[in-house]
Each structure stands twice: as C-alpha cells, then as structure tokens.
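To start, the structure under review is shown below, and the notes come after it.
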Amino acid sequence: MSDKKKEKDAPNPYKETLHLPVTEFPMRASLTEREPQRLAKWEAQGLYQQIQEKRRGSRKFILHDGPPFANGDVHMGTALNKILKDLVVKSKTMLGWHAPFVPGWDCHGLPIEFRVVKESTGLTPVEIRRRSEEYARKYIDIQRNSFKRLGVFGDWENPYLTLDPGYEADIIRVFAKLVEQDLVYRMKRPVLWSYGAGTALAEAEVEYKDKVSPAIYVAFNLAPTNLPVALEGASLVIWTTTPWTLPANLGIALHPDFDYVVGEFTNPENVAARFVVAKSLLNEFASKTGFSLVTELAQMKGREFVGLEAQHPFLPRTSKVINGLFVTADTGTGQVHIAPGHGADDYQAGRENGMEILSPVDGRGHYTAEVGLPDLVGKHVFQANEPIIALLTEKGALLARESYAHQYPHCWRSKTPIIFRAVEQYFIRVEQIRGKALEEIDRVKWLPAWGRNRIHGTVESRPDWCISRQRTWGVPLPVFYHADGTPVVSAEVARKVADIIEQVGTNAWFEKTDAEWAELVGLPEGTVKGNDTLDVWIDSGCSHVAVMDRHPELHSPADLYIEATDQHRGWFQSSLMLSVVARGAAPYKSVITHGFVVDTSGKKVSKSDQGNDKNAKPMTADHFYNKYGADLVRLWVSSVDYQNEVPFSEELFQQASESYRRLRNTLRVLLGNLDGFDAEKDAADPDQFTLVDRWILSQLENLKQECREAYDAYDFRKVFVLINQFCAVDLSALYVDITKDRLYCDATSGLRRRATQTAIHRITDALCRLLAPILSFTADEAWEYLGHQTSVHLEDFPELDPSYVNPEATAAVQELLKVRAVIQQAIEKARQEKRIGSNLEATVELTLPESGFQHPVFEALPTLEEFFILSVLTIKRTDVTEPSAVVLESPHQKCARCWKHLPAVGHQPHADLCDRCDEAVA
RNA sequence: GGGCCUGUAGCUCAGUUGGUUAGAGCACCGCCUUGAUAAGGCGGGGGUCAAUGGUUCGAGUCCAUUCAGGCCCA
C-alpha cells in the first residue's frame, strides 16, 4: 500500500514524452459570455446573408413563420416555437435546401389597444393608433433581440409586420375578394361582447373562468288564450343565471321529447300553486324552491306546449312557448328562458320562431331605454340583477334564488365577464367555402396525423365568421355608408382604398375626413366611412398573400407551418379559409403542431399566471438564456417530445446542462487529441485502421445516416438521443478510453496513433456538423478550433460514405463487449475487495467456451488487452457455456510511462519502462 | 358537457405487425482514477408499463370503462 502511495506522489519523469490532449477549447462553456460575442461576429459578417447566397439556386424549402403578437416578452412557449422553426430551417439548409426564413409579427389588435387605452382615456383614434404602433414596435424590438439571442437565424432586419402599409393593403384586397365572391353580409346579431373593452370578441378572445351568479327560478303564468284545461291557472317555470336578460325575454323553450308534470305544489309556508316542471327534475325543484308536488294533474310531452303563450312577469307582453333541442335536463326545470338578443341558442330559436332581436343594452353594458323599465335605464346589467330579483319578488314570480358557481366566459384581456349583445356586424358566409376548405385539409400533411381530424372538426362545425370589430387599432373595414345609413360594401371601392393605403398606410383612414375619402374613392358627397376594423385573425390569415406572394425569395403554398396546437382553430384555420378564397387552395403543404409548455406537475404554465402569483417561477426566455445560455435552451427544446405537452422546469435545465457538459467535454477531448495532427499530411490510409477505428467509424456512419433521417423527419429528440449515446457510450466509455494509450504513449507518428487521429478528425468534423442546428453556438466554436475560418452553418451535414460501414468490425465489437462486461464485473469485485485499483493493476485470466467468440480478434492478445484496457490477459478455452474471468493482482512492475504492469519492465535500457515506451522515448 | 390528444423507472424519453427476465441517457448509491481532472472509468439499486375489467395460449402493445392532464369548443 505504501509503495502504491509513493508511486502516486512521485512526479512522472516521462510526462514530457507523452502526447496528452492539448487544446484551447475551454472546458467551461461560459455560454452567457461567449454566445453574445459569437452572435456579434455572425452579425458583422452577415452570416444569414452568406447562407442565403451560398444556397441560392438550390431546391427551396419555405417554412412560413406564424407571427407572434407584438406584446410582452418572449416566454418559453414562444421560445420553443421559434427554436423548433430554427431547427427545421438549419437542418433543411444543411441537408442541401435553400431555406430562407422571414420572421413576422402580428401588430394590430385589442390587447395592444387595450393597454394604450387603459393608460389614458379620451384619446383620439389617431392618437390611439400612434401609441399602439409605438407599443407594438417596442415589443417587436424586444422580441427580436430575444429570438436573435437564442441563435435563431432569419432575415431579422426585414421582417414582415402586419402594420406595414403593403401588408395592410393586401388585407383589404383579400376583403375585396371576399366581397366579390359574395361571402360578406351584414346583420344584427348577438355577439360575444366585452363591456370592459367595448368590443365584440372573436371566439379565441374568450376565456372561461369561475364566476358566481345569482340563479333564480321564475314563474311565467300561462296566458289563458287557447289553454288546455289541464294547464288552467298553471305557470311555466324557468331557471336562469342571468336575471338581467329577463327584460329581453321573448320566449320559453321546452324540449319536445321531455316529460313534463303539471301539478298542484305547496311549500312549507303552505303557499299552493300550479306549476309545470320536467318530470326528472321534480326532486331538484322541490329541494331548491321548497315547492313539492301534492297532486299531479297531467303529464305532457314538451311538444304539446308549442303555440302557447306565457305572461312576462313584469312587462306588459307575452312570451312564446317553443321547442328546442338544446334544452337539457341537467339542471333547472327543463324550461329555458329565451332572449334572442342575448344568446346564441336564443338567437337561433328566436329567428326560427319569428321573434325580434331585442337587446336593450349599450356597449358599456348599460340598459338603454328599450329595456322598458325606466328605473333600469342607464344601469349596468350586472348591477341590475338585484333590482330585477326584487321586482320578481314583488310580482310573486320568484320561486327561489341561490348562488351558482360556474364557468363563465370572460374577456381574455379585460377579464370582465362577457355578455351577449346584438349589434350590426359583418360576417363571412363560411358555408360557401366550408366544402372546399375541408377538401383542402386532406391535401395537407398533418404532423402529428391527428391534427387532420382536429382542424377538420373545427372547420366542419364553425359558425359564420364575425369579422368586424368596434375598435381602432386595426385595419379598417373598407365600407362606407350613404347619408341614409345604407352600407356600401364594394370590391371596387375596397381596392381603391387598398391602393391609397398601400401608399400612405391605414392611419389615413382615420386622419382624412369623410368628404376626402368619398372623393378619393368616387362616392357621392355625404357618404361617410365606417368605424369598424377587421378581426386580427384576418390580418394574420392573409400572410400567405401579403408575405409569401410578395417576397421574391418565398413561394406559396409554403412547405411547412409550425405552431402550437391551439392554432388548429386559430391561424391554421383563418389562413386556410382566406387562402381558399384567395387562391382556391390551402396555403401550406404540411403543418406541424407542438404542445404547450407545462410545469413538472403537468399543469399549464402561462405568462398571465405569473402576474397573479408573485412567487411564480420565471417563465421568460431571457431568464434562461441569461442564466444557462441559448445553447442550453436549444438543447432543452431538442430533448423533449414537442408533439405532446412540453415539460419544463429549472430542474430540467440542470439535466440539459449535464448532457451539454458531456457533449462539450467529448468535443474537447477529441480536439485535444488532434493537437499536432494535420489532416492533410498526417492522415492514415484506410487500411491502417485497427479494429476499434473501423468500428467507431462504422458507428459514425450509422450515426450520420440516422441523424440525417431524424432531421428530415423533424425528430430532433432522436438526434439528441443518438448523439448523446454516441458521445457517452461509443466515444467516451469506449473509443476514447481505449485509444488513450496509443494516443498518449505511442510514438508521435506511429501508425496506430495516426490512424486513430484520422478517425477522430472524421468524427469531430461530423459531430460539429450534426450538432450545428441544435448547439448552434458550441458547434460553431468547436468548428473554429478544428481550424476553420468560416462558420459551420455554411456547411452541409456530413456526406454518407458506405465504404466505412463495417459489419465485420461491428459484430466483433459486439462480442468483445459481452466479454468486457464479464471482465469488468470480475475487476469490480476485486476493486471492492481492495485487491486492485485501476484496471491496469490486474492480470485477467479469461475462460471462453469452445464454441462462439470465434472472431480472429480473440486470437490477438495485444488487441484484446488494449480493448479491455488491461496489462496482461490470458485466455483458455474450456467446455463451458458462458465466458468467465478471474482477476489477480499483477506480479509485474508498472511501466513508469504508460502505467501498464508488464513482464518486460525492468529489462530495457530504461529500467522502469516497457518495450513500447522504451522505444518511444528513444 | 362535446371534439382532438396524452399518461412506461426520481426526470426526459425508446419500446417495431401483441411473443423470453420492459430499455437508454440523466439523476441517485458504492468503488476506482487524478495523463479529458470544476473532467473520466467501472459496478449497482430503482418500474404491479395511471386504474379496473375484457379479448387471447400470451397484453406495455388490442377493446371498454374510470381517473389524471393538455388544447379547442359549449
């Protein structure tokens, strides 16, 4: 033991004669410092432009960027999206395509306007727009910096913006096409209305949140006209959670097939009354209202009630009794209060039964004079529930009230509850383009495949598209109104507007007077322009026209769109619809969707959650690239299955860091072992490769092929796994470990050493290329240390060379690995028993079965000793079924240079060296 | 409530048309190394494949139901 210690402490007199790895490539990545420097270098040399120039003339691959909203910082979901796109663009490029990437931003819309309006009230439309643009541009810059910092390549100095006059003009031209194809109509209709933001909302702008509403049971006395005997003196009973809509009640709907009981009811106060209640809800009705059935007078189907009328509880009119399939028996009474101006089903039912669209509420949610109750005029509808309940009580119509917690639609930005309110809106007749859109869906390749069903279902069931918004920050709906109020919806006029907008931007719509516009588009004096703007989904949905058709380096349809799964209903759909209108075909050939970023418990994480929770973990991309570096964010993206929900946590970054360190250190040791190696002069001939060299080069060939295929299939995770395995197992645990001896100890120009360096050079070259899309910074850095003056991003993936595929070597190594496991287990046992330390201190007696392990390598002891990293190995063949190994402490002296314990040590001119080392130092 | 989807070791993921003892990397534990050293090697523990029921000689894999989660809608 003491001898061993002495050996350790003694400095190695031959260290200077060894070829230990030498490289300046730092072990510590210091990504947060180095990445910005590399970024600056790339920008200074115009790397993106260089790549474009180099690829010009190659087959094109167009990934069309879906524009993120120019609002807020880049959070991890956005980073995931953009990095996935970048992985596609970079890998397609290195696969030989010309893949230009023009990023874009969605600039208009309520969220931005809302922020501006919230800050200061009473702004003129022109001022709101000025501030909104300023706000959008501010966030475009912030986001652009983040995307660039993440190593995403693209034409960042010339992105597309939906607020560019040219883009805006194209939106209006698409509108003209809609008009031309008779797809636009105007109609008063209840729409989702945000009184907080003062606008109608798109379906996508609504979020569901918990809300407690007053739920009430209200009796409507049946009007005596034409009343069957059984119903004399009876009341229908409705249940509603929106008492404020009762002034607009015009009907009561029953399900045609439900059974209803007409009966005599009493409550604990001995109040008696005749009610109609769905049979299946009698118990619930009794428990909620206290009224239980005393005498059943009749049972009737819902359809038998049609045509009756009920007296409105507090207004001088009757409500129609109708049937509706939307009536449920889940809760309430099986009788539904119908206010056609305040609900989608109500509207539909009202239209079918000849009711008017009564909606006595203004844009701020206050009752208008139409409400019919002077006390309520000017009152906010959500302040009116109590007065109405009081009124119902006074009239004896209120049977019960309770607090009801439910999911209620809220405005996604102002967070205020949504109401349904009927206003004049413009719509696209979806029915006329639905068929073609559905056909086109099946021409597109959806990844994952279920995306097809998802968008198909969405398109199949979507109602007409409300495209008008009562907002300011958007592209104006190019319609005018005659002095008498009749609208001018004309493709020709719209195109004139577009031509002017193209020159001066849409601000002109708001800056010029009605008279000026009338003159510009050739309409009679007295014509006024409309105040509505277009739904922002129209904006982004036009990008295939406004971007792909306009940019000379792009083309339509795009080869690929990549967005999160919510865009099946969002951008994928709006783009599809408008592309069907504009060109009669889908705007994309294939579509990839990715999941949302979720935390480790599988819950959704979003930026707005953070606002509510001060302790929430940071979710913005800058936190992570400033703490870990962009390459780690990129490595995280490549390590997850993006088609599902994408797990995300600080811990996951630790995990990615471990993988990164392995990759980086592998690159470092490879580079270090290439010190003094000139690939031009020193490369070995292929016939000089030893078994391990042939094996690792065959593995590399395999890796190249599989990575190319995985990249081509957008399976970045597979690339990540393959490269990791290759570096951790094939290289680090085996090849590098095995060849250390020859690299360090053989003579500088020894054939085995040169062969190995030749292999290592090949490997390093390939790894840099294969890693470049993922570790864009690190691969480029290593590429530089490989002696290149230009960026790895200008290169192709390594070309396949089948001559390196070597099944013979692979089969041999597979057998060797089986034996290695046996030997290592035996050595480990000896080590645990403290009989030996390192492998080289052991002498191993290997027993192999007579059959099997027949590869010639099993006759070549030096090769085996090298492969198993042993000083001395002996082999015997006996009649056993499995290999076994016995480990003994080596009786030989340790070579002071290569640390092997060999019999030759002590007999050389240098008494403390083995043969090989003696020769090497000579 | 409806549509689409997901659920395999602590974590991220593989598991081909149902067929031996369910794999990998990371993490964890122990040992070695100090010539990849703020590195590297070796060995090891760890899973009733979400649950239940079914089809089958045989189910992680097929079917049904339930539970949990995501997106979209109501």
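Order of the sequence lines fixes the chain letters, A, B, ..., with proteins taken first and strands second; residue numbering starts at 1 for each chain.
Comparing the P positions of C26(B) and G40(B) gives an interatomic distance of 9 Å, to the nearest angstrom.
Of the candidates G69(B), G43(B), C11(B), G69(B) carries the atom nearest the Glu645(A) side chain, counting heavy atoms from C-beta on. With distances taken from any side-chain atom of Ala728(A) to the nucleotides C26(B), C4(B), C13(B), the minimum falls on C26(B). In this structure, the nucleotide among G41(B), A36(B), G43(B) sitting nearest to the side chain of Arg831(A) is G41(B). The nucleotide whose nearest atom lies closest to any side-chain atom of Pro647(A) is, among U12(B), U33(B), C71(B), U12(B). Closest to the side chain of Arg820(A), from the set A39(B), G41(B), U12(B), is G41(B). Comparing C73(B), G25(B), G43(B) against the side chain of Glu828(A) picks out G43(B) as the nearest. Nearest nucleotide to the Asp641(A) side chain, out of C31(B), C4(B), A14(B): A14(B). In this structure, the nucleotide among A39(B), G10(B), A14(B) sitting nearest to the side chain of Gln655(A) is G10(B).
Counting any heavy atom pair closer than 4.0 Å across all strands shown, Arg662(A) reaches sugar-phosphate atoms only and no base atom. At the heavy-atom level, Asn644(A) lies under 4.0 Å from the strands shown only through sugar-phosphate atoms. Ala710(A) comes within 4.0 angstrom of nothing in the nucleic acid, heavy atoms only. Across all strands, Lys15(A) comes closer than 4.0 Å to base atoms (heavy-atom distances). Across all strands shown, Glu658(A) has heavy atoms under 4.0 Å from sugar-phosphate atoms exclusively, and none from any base. Looking at heavy-atom distances under 4.0 Å, Val640(A) makes contact with sugar-phosphate atoms alone, never a base. Within 4.0 Å of Trp636(A), counting heavy atoms only, lies no atom of the nucleic acid at all. The residue Ser732(A) sits close to a base: some heavy atom pair falls under 4.0 Å. Among the protein residues, Thr565(A) comes within range of the sugar-phosphate backbone only, with heavy atoms under 4.0 Å from sugar or phosphate atoms but none that close to a base.
No side-chain donor-acceptor contact under 3.5 Å links His19(A) and Asp675(A). Using a 3.5 Å distance cut-off with no hydrogens or angles, the side chains of Gln832(A) and Glu828(A) do pair a donor with an acceptor. Judged purely by distance below 3.5 Å, without hydrogens or angles, the side chains of His337(A) and Thr245(A) pair a donor atom with an acceptor atom. A donor-acceptor pair shorter than 3.5 Å can be found between the side chains of Thr778(A) and Tyr660(A).
Nucleotide G1(B) forms a Watson-Crick or G-U wobble pair with C73(B), both donor-acceptor distances falling under 3.5 Å. When Watson-Crick and G-U wobble pairs are counted only if both distances are under 3.5 Å, C13(B) pairs with G23(B).
Note on Lys740(A): a side-chain N or O is less than 4.0 Å away from OP1 or OP2 of A36(B). Taking only side-chain nitrogens and oxygens, Arg668(A) comes nearer than 4.0 Å to OP1 or OP2 of U37(B). For Arg661(A) and A39(B), the shortest distance from a side-chain N or O to OP1 or OP2 is below 4.0 Å. An OP1 or OP2 oxygen of G41(B) is reached within less than 4.0 angstrom by no side-chain nitrogen or oxygen of Ser838(A). For C73(B), the OP1/OP2 oxygens have no side-chain nitrogen or oxygen of Arg454(A) closer than 4.0 Å. For Arg717(A), no side-chain nitrogen or oxygen approaches OP1 or OP2 of A24(B) to under 4.0 Å. Dashed line: the shortest gap from a side-chain N or O of Tyr660(A) to OP1 or OP2 of C26(B) is not under 4.0 Å.
Judged by distance alone with a 3.5 Å cut-off, no donor-acceptor contact links the side chain of Gln725(A) to the base of G25(B).
Partners of His910(A) according to the ring pair (Phe, Tyr, Trp, His ring centres under 6.0 Å) rule, which considers only residues two or more places apart in sequence or in another chain, do not exist here.
A residue-by-residue look at Cys727(A) and Gln567(A) shows that Cys727(A) has its nearest nucleotide of RNA chain B further toward the 5' end. Mapped onto RNA chain B by nearest heavy atom, Gln832(A) and Asn665(A) fall at different nucleotides, with Gln832(A) at the one closer to the 5' end.
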Test log, rule ring pair (Phe, Tyr, Trp, His ring centres under 6.0 Å), inputs Tyr404(A) and Trp239(A): CA-CA 11 Å; Tyr404(A) 187 74; Trp239(A) 178 86; 5.0 Å; yes
Give the table of side-chain donor-acceptor pairs shorter than 3.5 Å for residues 726-737 of chain A, with sequence neighbours excluded, one pair per line with atom names and distance.
{"residue": "Asp730(A)", "atom": "OD2", "partner": "Gln699(A)", "partner atom": "NE2", "Å": "3.0"}
{"residue": "Ser732(A)", "atom": "OG", "partner": "Arg662(A)", "partner atom": "NH1", "Å": "2.8"}
{"residue": "Tyr735(A)", "atom": "OH", "partner": "Asp693(A)", "partner atom": "OD1", "Å": "2.5"}
{"residue": "Asp737(A)", "atom": "OD1", "partner": "Lys740(A)", "partner atom": "NZ", "Å": "3.1"}

